[in-house]
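Each remark here refers to the structure printed beneath this line.
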Amino acid sequence: MTEGHFQEIYRIVEAVPAGKVVTYTTVAVLAGRPKAARTVGWAMRALRRGTHVPWHRVINAQGRISLPSPGAELQRALLENEGIEFNATGCVDLQRYGWQG
DNA sequence: CTCTTGACGAAAC
DNA sequence: TGTTTCGCCAAGA
């Protein structure tokens, strides 16, 4: 399944437990590329049928959903379904729900 | 091989 | 405080 450098990213995202979230940067760091946060987003967008990666647990450093399109509503719904709460500003408390805690 | 795009991020304006 | 720019990395045309 060597789908390129995304494999490592997918592996990390899959390791994120339900009810927790990680930022693109965190995934990038764990993947060994702290400057490749954008690439993580690329990997998420590249997700297609067949990949059971919990992409919805990946948010930006602001604890906010970056998806400009309706995908944001879906991601938020999935996160709330896992018990994650959103701030009035639509932000998630990374200190509380972050994988790192 | 070159140029553009993108679900990022921090800094500059 | 909101918007814009630059840097970084990988993929697609």
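It should be emphasised that the depicted structure is a prediction, and the values quoted were computed from it without experimental measurement. Proteins come first, then strands; the chains are lettered A, B, ... in the order of their sequence lines, and each starts at number 1.
The A:Phe6 side chain lies nearest to C:dA10 when the options are B:dG9, C:dA10, B:dA7. The side chain of A:Lys35 lies closest to C:dC9 when the candidates are B:dG9, B:dC8, C:dC9.
The base of B:dG6 lies outside donor-acceptor range of the side chain of A:Arg45, with no N or O pair under 3.5 Å. In the interface, the side chain of A:Arg33 is not paired with the base of C:dC9 through any donor and acceptor atom under 3.5 Å apart. With hydrogens and angles ignored, no donor-acceptor pair closer than 3.5 Å exists between the side chain of A:Arg38 and the base of B:dG9.
The CD-C1' distance, from A:Gln62 to C:dG2, rounds to 12 Å in whole Å. In this structure, A:Arg64 atom CZ and C:dG2 atom P are separated by 11 Å, rounded to whole Å. Atom P of nucleotide B:dA7 and atom OH of A:Tyr24 are separated by 9 Å, given to the nearest angstrom. Summarising the geometry, the separation between CH2 on A:Trp42 and P on C:dG7 is reported as 21 Å, rounded to the nearest angstrom. Counting to the nearest Å, the C1' atom of C:dA11 and the CD atom of A:Gln7 are 17 Å from each other. Between the CG atom of A:Leu47 and the P atom of C:dA11 there is a distance of 14 Å, rounded to whole Å. One atom, CG of A:Asn60, and another, P of B:dA7, lie 12 Å apart when rounded to the nearest Å. Between the CD1 atom of A:Ile9 and the C1' atom of B:dG6 there is a distance of 13 Å, rounded to whole Å.
Within a 6.0 Å radius of CD in A:Glu80, more than 12 heavy atoms belonging to other residues, nucleotides or ligands are found.
In this structure, A:Ser66 reaches the sugar-phosphate backbone alone: every heavy-atom distance under 4.0 Å involves primed, P, OP1 or OP2 atoms, never a base.
Residue A:Thr25 places at least one side-chain N or O under 4.0 Å from the OP1 or OP2 atom of B:dG9.
Considering A:Gln75, A:Arg76, A:Glu82 in turn, A:Glu82 is the only one that fulfils the side-chain hydrogen bond (donor to acceptor under 3.5 Å, both in side chains) rule with A:His56.
Grouping the Ile, Leu, Val, Met, Phe, Trp and Tyr side chains by contacts below 4.5 angstrom, directly or via other members, places A:Met44 with A:Leu30.
Between A:Trp99 and A:Ala15 the shortest heavy-atom distance is CZ2-O, 3.4 Å.
Using a 4.5 Å heavy-atom cutoff, the side chains of A:Tyr10 and A:Leu47 are in contact.
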